[in-house]
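Written below as structure tokens is the structure these notes are about.
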Amino acid sequence: MSAYFVTGTDTEVGKTYVTCQLLRAATEAGLISVGYKPVAAGCETISGQRANEDAVAIQQASSLSLGLDQINPITFDAPVAPHIAAAQTASPIGEQHIKDGYHALGAHSPDLLLMEGAGGWRLPISDTRYMSDVVRSLQLPVILVVGMRLGCLNHALLSAEAIINDGLHLHGWVANGLSETMPVYAENLLYLKSAMPAPLLAEIPFRHTPARTTMASFLEQVV
Ligand SMILES: Nc1ncnc2c1ncn2[C@@H]1O[C@H](COP(=O)(O)OP(=O)(O)OP(=O)(O)O)[C@@H](O)[C@H]1O
Ligand SMILES: C[C@H](N)[C@H](N)CCCCCC(=O)O
Ligand SMILES: [Mg+2]
């Protein structure tokens with residue numbers, strides 16, 4: 001099984017988008033894929049049920065057919081920092097709960113398991129612990145989704161530095177387009193290609209479905 005933690009340079013940079021593209025590409029290549037969103041904040045009514053949008057997208061993109069409670073065991077209604085939602089609802093986020101859910105998915109022996117974080121790398125899960133502590137405990141290699149917008153150079157370099165300083169393997173990063181018209185996009189990409197301490201795994205355009213060749217090469221580098 002190939003398993004990764006998918007983090008991002010920030011919230012709303014395309015972690016779920018990229019995760020779902022990769023899960024689908026794996027399925028199309030005949031592999032068994034599953035995504036995991038252990039902690040999600042923000043629910044809406046989807047098909048008559050209160051659910052988190054990321055969790056539903058990941059459930060639909062996975063080739064394994066599993067319940068939402070397996071894909072997303074810890075959910076908060078409010079779209080806020082999860083540890084604050086946890087404190088406000090008196091439902092602490094259990095590290096063991098996150099790890100148990102991960103191992104339960106692993107028990108299905110998928111070829112590819114992608115665990116999406118929430119927010120960026122140093123996301124608090126309590127007043128003293130971070131999601132990065134859980135990733136460290138699981139010893140997962142990391143894929144960093146860089147949302148291509150002004151400010152991403154600093155965010156990408158700091159995230160990569162923190163991942164590596166935490167003793168984890170940064171498998172690579174993904175340049176994810178967040179608009180059709182980012183000024184000096186090519187120059188930003190070129191800079192990151194040379195400055196990032198890990199390879200560029202894929203360049204995902206904004207809005208257009210990535211080319212088959214892009215996804216095939218991305219997949220080849222992760223399974
Ligand atoms: N390459 C892309 N093309 C088109 N839309 C995109 C692309 N990347 C992201 N988006 C859109 O941008 C929004 C934010 O992306 P996404 O939900 O994947 O972010 P995220 O990093 O997973 O956020 P969160 O921290 O809430 O989990 C979504 O509406 C998504 O569909
Ligand atoms: C609600 C939102 N879409 C995310 N799922 C949660 C983002 C938390 C960010 C916390 C922070 O780093 O400030
Ligand atoms: Mg997401």
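Counting starts at 1 for both ligands and their atoms, in listed order. As a basis for the values below, the full set of heavy atoms in this structure was taken, side chains included, without hydrogen atoms, waters or symmetry mates.
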Exercise for review: Mark whether atom 6 (C) of ligand 1 lies under 4.0 angstrom from at least one protein heavy atom.
Suggested key: yes

Practice item. Look at the side chain of Asn176 and the backbone N and O of Val13, then say whether any donor-acceptor pair between them is shorter than 3.5 Å. Key: yes

**Study point:** Main-chain N/O of Ala198 paired with Trp173 side-chain donor or acceptor, under 3.5 Å
**Key:** yes

Exercise for review: Look at the side chain of Gln139 and the backbone N and O of Arg136, then say whether any donor-acceptor pair between them is shorter than 3.5 Å.
Suggested key: yes

Check your understanding: Of all the N, O or S atoms in Glu116, which one sits nearest to the Mg ion (ligand 3)?
Key -> OE2

Review point. Mind checking what makes ring pair (Phe, Tyr, Trp, His ring centres under 6.0 Å) contact with Tyr102, not counting sequence neighbours?
Key: none

**Study point:** Close-contact set for ligand 1 against Gly177 heavy atoms, below 4.0 Å
**Key:** 1 (N), 2 (C), 7 (C)

**Study point:** Close side-chain approach of Thr181 and Phe206, heavy atoms under 4.5 Å
**Key:** no

Review point. What atoms of ligand 1 come closer than 4.0 angstrom to any heavy atom of Pro205?
Key: 1 (N), 2 (C), 3 (N)

Exercise for review: Flag the pair Met1 / Asp111 as yes when at least one side-chain heavy-atom distance between them is below 4.5 Å, and no otherwise.
Suggested key: no

Exercise for review: Determine, using heavy atoms of Ala41 and all atoms of ligand 2, whether some pair is separated by less than 4.0 Å.
Suggested key: yes

Review point. N/O to N/O below 3.5 Å, does that happen between Gly14 and ligand 1?
Key: yes

Check your understanding: Short question: side chain of Asn52, backbone of Ala40 - any donor-acceptor pair under 3.5 Å?
Key -> no

Revision key, fill the gap. Within the 4.0 Å heavy-atom cut-off, what Leu123 brings close to ligand 2 is side chain

**Study point:** Close side-chain approach of Ser63 to Ile32, heavy-atom, < 4.5 Å
**Key:** yes

Exercise for review: Kindly indicate whether the side chain of Val222, heavy atoms from C-beta on, has any atom under 4.5 Å from the side chain of His171.
Suggested key: yes

Check your understanding: Under 2.8 Å from the Mg ion (ligand 3), is there an N/O/S atom belonging to Glu53?
Key -> no

Exercise for review: Work out whether the distance between some heavy atom of His208 and some atom of ligand 1 is less than 4.0 Å.
Suggested key: no

Practice item. Give the residue, atom name and distance (to 0.1 Å) of the protein heavy atom nearest atom 7 (C) of ligand 2. Key: Thr11 OG1, 3.8 Å

Review point. Is it the case that Ser62 and Ser33 place a side-chain donor and acceptor less than 3.5 Å from each other?
Key: no

Exercise for review: Might you check, step by step, whether the distance between atom 2 (C) of ligand 1 and some protein heavy atom is under 4.0 Å?
Suggested key: yes

**Study point:** Derivation of the side-chain contact (heavy atoms from CB on, under 4.5 Å) call for Val6 and Val18
**Key:** CA-CA 9 Å; Val6 179; Val18 170; 5.5 Å; no

Point to revise | Enumerated ligand 1 atoms positioned under 4.0 Å from heavy atoms of Arg207 | key: 2 (C), 3 (N), 4 (C)

**Study point:** Nearest-neighbour protein heavy atom for atom 23 (O) of ligand 1, which is reported as residue plus atom name and distance
**Key:** Glu12 N, 3.0 Å

Exercise for review: Using a 4.5 Å cut-off on heavy atoms from C-beta on, say whether the side chain of Tyr36 contacts that of Ile58.
Suggested key: no

Point to revise | 4.0 Å protein heavy-atom contact status of atom 3 (N) of ligand 2, strictly under | key: yes

**Study point:** Part of Glu53 within contact of ligand 1 (heavy atoms, under 4.0 Å)
**Key:** neither

Point to revise | Tyr130 OH: over 12 foreign heavy atoms closer than 6.0 Å | key: no

Exercise for review: Would you mind telling me if ligand 1 is within reach of the side chain of Thr19, the backbone, both or neither, using heavy atoms under 4.0 Å?
Suggested key: neither

Study note, to complete from the structure: Note: Asn176, heavy atoms under 4.0 Å from ligand 1, region reported as side chain

Point to revise | Contact atoms of ligand 1, heavy-atom distance to Glu116 under 4.0 Å | key: 22 (O), 27 (O)

Study note, to complete from the structure: The N/O/S atom of Asp54 lying closest to the Mg ion (ligand 3) is OD2

Exercise for review: Look at atom 11 (C) of ligand 2 and say whether a protein heavy atom is found at less than 4.0 angstrom from it.
Suggested key: no

**Study point:** Within-cutoff protein neighbour (heavy atom, under 4.0 Å) for atom 29 (O) of ligand 1
**Key:** no

Revision key, fill the gap. Quick note on ligand 2: atoms under 4.0 Å from a heavy atom of Pro79 include exactly 1 (C)

Check your understanding: What residue and heavy atom of the protein are closest to atom 21 (O) of ligand 1, and at what distance?
Key -> Lys15 NZ, 2.8 Å

Study note, to complete from the structure: Note: ligand 1 atoms sitting under 4.0 Å from heavy atoms of Val13 are 19 (O), 20 (P), 21 (O)

Practice item. Give the C-alpha distance, both sets of side-chain angles, the deciding distance and a yes or no for side-chain hydrogen bond (donor to acceptor under 3.5 Å, both in side chains) between Ser132 and Arg122. Key: CA-CA 6 Å; Ser132 50; Arg122 198 66 85 212; 2.8 Å; yes

Point to revise | Presence of N, O or S from Glu12 under 2.8 Å of the Mg ion (ligand 3) | key: no

**Study point:** Under 4.0 Å to a heavy atom of Thr11 - the qualifying atoms of ligand 1, by number
**Key:** 24 (P), 25 (O), 26 (O)

**Study point:** Side chain proximity check, Pro38 to Met131, heavy atoms < 4.5 angstrom
**Key:** yes

**Study point:** Under-4.0 Å protein heavy-atom contact, atom 12 (O) of ligand 1
**Key:** no

Exercise for review: For atom 31 (O) of ligand 1, find the nearest protein heavy atom and state the residue, atom name and distance (0.1 Å precision).
Suggested key: Tyr17 CD1, 3.9 Å

**Study point:** Side chain, backbone, both or neither: Lys37 near ligand 1, heavy atoms under 4.0 Å
**Key:** side chain

Check your understanding: Are the side chains of Gln70 and Val34 in touch, meaning some heavy atoms are under 4.5 Å apart?
Key -> no

Check your understanding: Heavy-atom contact under 4.0 Å between Gly119 and ligand 1?
Key -> yes

Check your understanding: Between the side chains of Glu95 and Ser137, does any donor sit under 3.5 Å from an acceptor?
Key -> no

Review point. Does a side-chain heavy-atom distance below 4.5 Å link Phe76 with Thr89?
Key: yes

Point to revise | N, O or S atom of Thr16 closer to the Mg ion (ligand 3) than 2.8 Å | key: yes

Review point. Does ligand 1 have any atom that is closer than 4.0 Å to a heavy atom of Gly42?
Key: no

